[in-house]
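Quick notes on the structure that follows.
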Amino acid sequence: GQQLNQSPQSMFIQEGEDVSMNCTSSSIFNTWLWYKQDPGEGPVLLIALYKAGELTSNGRLTAQFGITRKDSFLNISASIPSDVGIYFCAGQVGNFNKFYFGSGTKLNVKP
Amino acid sequence: DVKVTQSSRYLVKRTGEKVFLECVQDMDHENMFWYRQDPGLGLRLIYFSYDVKMKEKGDIPEGYSVSREKKERFSLILESASTNQTSMYLCASSQGSGEKLFFGSGTQLSVL
């Protein structure tokens, strides 16, 4: 299947700091989705991106669809303790809405 | 609000048992999916369906089957559960190709 490289694998930050994570691939994607997952729960959709270069915000979260269509970035500004969790990217290629997922970035926020 | 409901949060089954995992969505979505999630392996697609009675194999279909008799319901079946099928199972749905994918809360299955 397609390979999505997500980095970093984990982050330890202080409350109030900004956070950046990204996903890259050797393949071109049509759609990028970003999710947050809490322990024992299903992933919750944060942001959806549909066009190369698109920049979309959801509160303190901002994500971008890379110009080459092979990457995407998620930024969280002014982190708070409830931002703790695992963040996943997902990229869609081809038909039938088949998505491929990054391995996740585990975010820890120290109050 | 979009809702994908998985019938059980936790299940414990014995090796060799037949296991049914049920998923219902209330958004009239065309597409439904079953993933499993394992530490270090991420989410892997087992099966998906793009219409009633239609199904397509994902990346790891071995040992699983699915049923979609009604648009809102997608069932995952483990014909004879094995210990290597212990995992978190996630159901998802979406309206069309490339559209947002919405997940249920997951079923943590343990096969003893």
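We name chains A, B, ... by the order of the sequence lines, and we start the count at 1 in each one. Keep in mind that what you see is a predicted model, and the values were worked out from it rather than measured.
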Whatever's closer than 4.5 Å to a heavy atom in chain A on B:Q6 counts as neither

Would you mind reporting whether A:L49 and A:F29 have side-chain heavy atoms less than 4.5 Å apart? no

Examine whether an atom of A:Q37 lies under 4.5 Å from a heavy atom of chain B, and if so say whether it belongs to the side chain, the backbone or both; otherwise answer neither. side chain

Looking at B:E22 and B:S75, would you say the former's side chain and the latter's main chain have a donor-acceptor pair under 3.5 Å? no

For A:S25 and A:L4, the nearest pair of non-hydrogen atoms, with its separation, is CB-CD2, 3.6 Å

For residues B:L78 and B:Y47: do they belong to one hydrophobic cluster (side chain heavy atoms under 4.5 Å, members Ile, Leu, Val, Met, Phe, Trp, Tyr)? yes

Tell me, side chain or backbone of B:R9 under 4.5 Å from chain A's heavy atoms, or both, or neither? side chain

I'd like to verify something: which residue of A:P43, A:G42, A:G104 has the highest number of heavy-atom pairs under 4.5 Å with chain B? A:P43

